[in-house]
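The analysis underlying the following values was restricted to heavy atoms, covering all of them including side chains, and did not include hydrogens, waters or symmetry mates. As the structure is a prediction and not an experimental result, all values here were calculated from the model.
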Amino acid sequence: MSTSVKHENFINESMKGKSVTVLPGIGEVLSKRLIDEGYNETDTILAQYLLFKKHKDLFQEWMKVICNANSKQSSDCFNAIESWVLINL
């Protein structure tokens, strides 16, 4: 699996105070939708990942419902958060 520069940057830095725009798979449109729903920082997305007990299908379905993310976008986001957790928690 190849990873993007955005993915590498995300997993190697603190999440504290970072906008959802830094999440892999999340561009301008999805970030606006997430922010409009109250998910403005990366730690709020991490909380959802943990709430779903790291279950990829549940996380991806939530992203589809909350911001209309497609499967690639939600998978990229999930994989980055999963990698971040493995390295940082």
- Message: Once salt bridge (charged side-chain N to carboxylate O under 4.0 Å, His left out) is applied, do any residues pair with Glu13, and if so which ones, sequence neighbours excluded?
- Response: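 Residues passing salt bridge (charged side-chain N to carboxylate O under 4.0 Å, His left out) with Glu13: Lys18.
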For [X], side-chain contact (heavy atoms from CB on, under 4.5 Å) partners two or more places apart:
X     : result
Leu58 : Phe52, His55
Ser74 : Gln60, Met63, Ala69
Val29 : Arg33

- Task: Could you check if a side-chain atom of Leu34 sits within less than 4.5 angstrom of a side-chain atom of Thr44, using non-hydrogen atoms only?
- Result: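 Counting from C-beta outward, Leu34 and Thr44 never come under 4.5 Å.
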With sequence neighbours left out, which residue pairs that include part of [range] fulfil the salt bridge (Lys or Arg N to Asp or Glu O under 4.0 Å) condition?
range          : result
residues 36-54 : Lys32-Asp36
residues 63-72 : Lys72-Asp76
residues 77-89 : none

- Message: Could you work out, with side-chain hydrogen bond (donor to acceptor under 3.5 Å, both in side chains) as the rule, every residue matching Thr21, not counting sequence neighbours?
- Response: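 Once residues adjacent in sequence are excluded, the partners of Thr21 under the side-chain hydrogen bond (donor to acceptor under 3.5 Å, both in side chains) criterion are Ser19.
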- Item | side-chain hydrogen bond (donor to acceptor under 3.5 Å, both in side chains) against Ser71, all qualifying residues, sequence neighbours excluded |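 By the side-chain hydrogen bond (donor to acceptor under 3.5 Å, both in side chains) rule, Ser71 matches no residue at all.
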- Message: Show me the pairs that pass ring-ring contact (aromatic ring centres under 6.0 Å, His included) and involve residues 13-50, at least two apart or across chains.
- Response: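 Of all non-adjacent pairs touching residues 13-50, those that pass ring-ring contact (aromatic ring centres under 6.0 Å, His included) are Tyr39-Trp62, Tyr49-Phe78.
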- Message: Using the rule that Ile, Leu, Val, Met, Phe, Trp and Tyr join whenever any side-chain heavy atoms are under 4.5 Å apart, tell me whether Phe10 and Leu89 fall into a single cluster.
- Response: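 As far as the 4.5 Å side-chain criterion goes, Leu89 and Phe10 are connected within one cluster.
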- Message: Rounded at 0.5 Å granularity, tell me how far CD in Gln48 sits from CD1 in Ile81.
- Response: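 Going from CD on Gln48 over to CD1 on Ile81, the span is 9.5 Å.
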